[in-house]
Every structure is written in C-alpha cells, then in structure tokens.
Chemist: 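Input: one structure, supplied below.
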Amino acid sequence: MKFYFLFILVFSAYVSAEPKQAAIATAHPLATQAGIDILQQGGNAFDAAAAITASLAVVEPYSSGIGGGGFWLIHRASDHKQVMIDGRERAPMRSTHDMYLDKAGNTIKGLSLNGPLAAGIPGVPAGIEHLVKHYGRLSLKEVLAPAIKQAQAGFAVTARYRKLMAYRIEVIKQYPDTARVFLDEYKIPALGSLIVQADLAQTLTTMAKHGSQGFYQGAVAEAMVASVKANGGIWELDDLDKYQVVERAPIIIDYNGITITSVAPPSSGGIVMGQALHILGQFDLAQYDPVTRKHIIIEAMRRAYRDRAAYLGDPDFVKVPVERLLDEEYTEGLALSIDLDRATPSHDLSDITTTDQTGTDTTHFSVVDTDGNRVAATLSINLPFGSGFIAQGTGVLLNNEMDDFSVKPLTANAYGLVGDHANAIAPGKRPLSSMTPTFLETDDRIGILGTPGGSRIISMVLLGVLDFAKGNPPQSWVSLPRYHHQYLPDEVQYEQGGLSSSEQAVLKSKGHVLKEKNRQYGNMQAIMIWKKRGLIFAASDPRGEGRANVFYLP
Ligand code: GLY
C-alpha cells in the first residue's frame, strides 16, 4: 500500500531534508491543495503549476483566471533549462492606438478598465496546456480535475473576496451574468457563502477534453466572441484562434554573488529590478544606517522605473534596449547621480507629467517538487475581478489588461504608471507588465518568489531579494514592511507601518514626498531551499489568505 508523510505547516514551514521534499505556496488554501493533490498523483512541479493556475482561476476570481494572462518562470532540474512561458494577453486585432480616447484626444474614463472592450485575448488556457504538454507528466484532464471539482462544489467567500468585491461592485452590477455568479441579489455575498461556477466548470471540462482548442476554438470561443461583441467589445474568432504562448529567455542578473533569474519583456519586472540592483550594487548598503539605506533604495527604484516609462514594451513590436539598461557603466552613472543627502526630483530625470490613481490585484505562486523542478508564476486579470464581465454561457471572467498599455502616451494608467510609444496599443501586441516571478540562487540557497500588487510588484520583489541577500528566510521576505517609488508620481509610497515615524522624518528632511497607502499591500508567496542543510522553507504573506506547505512525498 502506498503511504506518505504529509507535514502541513500554515504560513511558514520547514522540515529536515532527507528523502524527498516538495513545497507549494499560493494565495489560496484550495489552490495549494490542488497542487499537493497533483504531486501526490505523481505529477511534477509543472503539472502542479498547471493545476494551481486552473484552481486559482476558480477560487481567486478577483486575481487571475482563464480569461487572463501571466508568466510562468520554470526551472527543469534534469537539464537546468530555465525559461519564461509568456502567456500575456494580446490586444485584439481590431484594436487601435487611440481606442480609449475621445475626439479631443482625452482618455474616456473607465473604457480601458470596465467591460469587454478592456479585455485582451487571454493567455492562461494556452499556458496551462503548454506547461502540461511540454514539461508535465500527467494529462490535461488530470491536472484540470481539481479546478473542475472546485468550480462545481463552490468555494467559500472570504474577507478578501468581500473587500475586493467592494472595490468593483458597481461595475459588476452592470453585467447580470457576472452579478449572478459573484453577487448575492446584487449585494456582496456573506462571509462563508458558496460561489459555485457551473459554466466555468463546463468550460474547463471542455478544455480537459479538447485541450486549449476547447477554449480558443469551437462553442466556447463562439460564445465568448458573441457575448463580447454584444457588449461593445471587439474580439473576433481569429484573435482567439491565433493566440499562442511564447517561450522567452529570462533576464539573468548578478547581485553580490546571487544569480537572479527573472522575467523578460513584455514584463518590465526583470529589467527594472535588475537595473535597480545594478545601481544598488555600487553601494555597500551594509555600511549605511537603515534610513540612508532606504533613501538609496528609493532613489534606485526612481531611476529604474523612469527607464521603464521611457523604453519598455512588447519586444515583438519594439526594440527594448535590454543590454544598455542593464549595462554596468550606464547603471554606475545612475548610481553616481544619487545624492545621499537629497531626493532627486523625478522631473530632474525627465519632464513627464502624470496623475495618480490606484488599484491592484493579480496572484503569485511558487512550487518546487521532489526532483528540484521549480515554478514561479505570476498571473493576472489586472484589477480585482478584471473587467467585471463574464462572457455569457462560458463562466469566463475577462481581464482588463488593455489598461496596462500606455493608453495615452505619458498619461498614468490605473497604477499611476506612465509609458510612452514603446507601450502604445497595437493589434496583436502584449501590454507591458510589472509581474516579476523570480528565482534566486547562491552556492547554498535557492529562492522562489513573487507577488501581486500592480506597479509595486517590482519594488516588493526587490525588497525580498535584498532580504534574501541578508540571509533571511522567506517568512521574513513576505512580512517585510513595504515602501515604493515608481518615478511618477514623485512620491515615496509606503504601506501602514512601512516606514517608522523617525524614518519618515529623515526622508522628508531629504526632500522626499511621502504618501501612506491606506492599507497594506502585496501577497507574496515564497519558497527557499537551503541546499547545504537540506531544508526547505515556505511562506505565505501574512497580509493575504494563502497557504504555504512543505511536505514529503514517496
Ligand atoms: N496587470 C498587472 C501587471 O501585469 O503588471
């Protein structure tokens, strides 16, 4: 008879090395369980990642979904292959440069955020299939089974669900098919009430039977396109039919002896974080007092996010000067421009102007299996509950990732981020992302991490990397107080408790404008393998409702 030992430690865990360990950290206990079930059935980390992706699409509908996109960074132990699977949404072919502007050239409020016109062509179904077909051991049917069951049985409404629904309820009320699934008589459902998604279960079952073609072609595709068009969207069957994931080489950065593997464009994550780390590499951070260290880190963030606005976009459409942005001399010059006593006004770096808006969701999970295969995946439908629009009869909640384009050059998107022509809308193009699934490696440790959080994703992962560099475990990375600068708006954003009052005073005296966010942000899911000691640690952000498990398998 088969048997196994399962050690479950909520939020943070470690076990001694011996025979065969695996670990999973996700933003929802049911998604972690789906991954564990798949590993127990003999699947590898890639099968588990596919199952977790599908499960999160069901149980965390405010963060990601098969109507959205994402990036899976993978490491295959057998040949050390590292690749980024780019399942980012693409702009429909009928998209135009100015599609969200009025005749006077002004942004039409809400058009790139609400309803099906805000939705890019989803990449998650293709990503799930790609993981299973090219890297997994199990069938698509097996890996989709937990998500299908969860969609049929329903998941319980949590405090997080209610909070994020409160943020989007006015939009969701406009779409009866969405309201029927996610609201209770047009009100936020009570804590613990069940959200059953029969149509979504059916769509996933069709995918289990026909592969991603069951989503991109046939009855599901036809229903989605008809529903999108009937509600003002511009999808065509051909957009769905032509969608493909792309395998891309990750960005590799060296920082103080740590090899950092992260995502390449169309995510800005790897380059922005890499540039910030190259700038920071010019300083011996340990020699500074904590607040001066924070000042230097903030100034590095400011400079790296500035170049994000100026240069980054879909590499299939624009030339992204990756080498120059990470070049030693260039980043040394940026480091030299940092004044230890004074904040550099962002407008001294460039004269772009912007306005601030807020909003955030997305999800991240980390997996390692008993063979050492690993996945860091960050997935999104953009704002909580995406566009708020479920395509009738399919259960597919569509993203509003079109807002990640620079809808109008040099005008802020929902995250307050600005961009220029490199990230302008074009048919078939992928919007620039900030998602930053990342691996870290030294002689004795491996880290797997990432988080949701819109534009602040990159700075959160950066702070996690700096904490890894100090030798701290993942429970510390996920719990760190967070602060952020993204060039524009020219302010240091920090979560409640992110900066102490004395740090605030010193930063203000250096000329920084400080802005406390009215809540904590981020939901990091992280794993660390301590090679020398044969220990695995896993941690789920205390700000969220996730679950991190380290466990043995036969
Ligand atoms: N939608 C958030 C991001 O991709 O950065």
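Any value given below was found using the heavy atoms of this structure, including those in side chains, with hydrogens, waters and symmetry copies removed. Both counts, for ligands and for their atoms, begin at 1 and track the order of listing.
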Chemist: Is the positively charged end of Arg308 above the ring of Tyr487, judged by distance under 6.0 angstrom from the centroid and angle within 45° of the axis?
Modeler: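 No, Arg308 and Tyr487 do not form such a contact.
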Chemist: If you measure from CG on Leu398 to CD1 on Ile381, what distance do you get to the nearest 0.5 Å?
Modeler: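 Taking CG in Leu398 and CD1 in Ile381, the distance rounds to 9.0 Å.
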Chemist: Taking salt bridge (Lys or Arg N to Asp or Glu O under 4.0 Å) as the test, write out the residues that go with Glu441, two or more places apart.
Modeler: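 With sequence neighbours excluded, Glu441 shows a salt bridge (Lys or Arg N to Asp or Glu O under 4.0 Å) to Arg374, Lys531, given in chain and number order.
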Chemist: Does ligand 1 have any N/O atom under 3.5 Å from a protein N/O, and what are those pairs and their distances?
Modeler:
residue  : atom  : partner : partner atom : Å
ligand 1 : 1 (N) : Ser380  : OG           : 3.4
ligand 1 : 1 (N) : Asn382  : OD1          : 2.9
ligand 1 : 1 (N) : Glu401  : OE2          : 2.4
ligand 1 : 1 (N) : Asp404  : OD2          : 2.7
ligand 1 : 4 (O) : Arg88   : NH1          : 3.0
ligand 1 : 4 (O) : Arg88   : NH2          : 3.4
ligand 1 : 4 (O) : Asp404  : OD2          : 3.2
ligand 1 : 4 (O) : Ser433  : OG           : 2.7
ligand 1 : 5 (O) : Ser433  : OG           : 3.3
ligand 1 : 5 (O) : Ser434  : N            : 2.7

Chemist: Does Ala391 have any side chain to side chain contact (heavy atoms under 4.5 Å, CB included) partners at least two apart in sequence or in another chain, and if so, which?
Modeler: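 In terms of side chain to side chain contact (heavy atoms under 4.5 Å, CB included), with neighbours along the sequence ignored, Ala391 is linked to Met224, Ser227, Phe389, Thr394.
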Chemist: Mind checking what makes side chain to side chain contact (heavy atoms under 4.5 Å, CB included) contact with Val318, not counting sequence neighbours?
Modeler: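 Here the qualifying residues are Val320, Ala422, Lys429.
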Chemist: Does any donor atom in the side chain of Thr26 or Thr32 lie under 3.5 Å from an acceptor atom in the other side chain?
Modeler: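 There is such a pair between these side chains.
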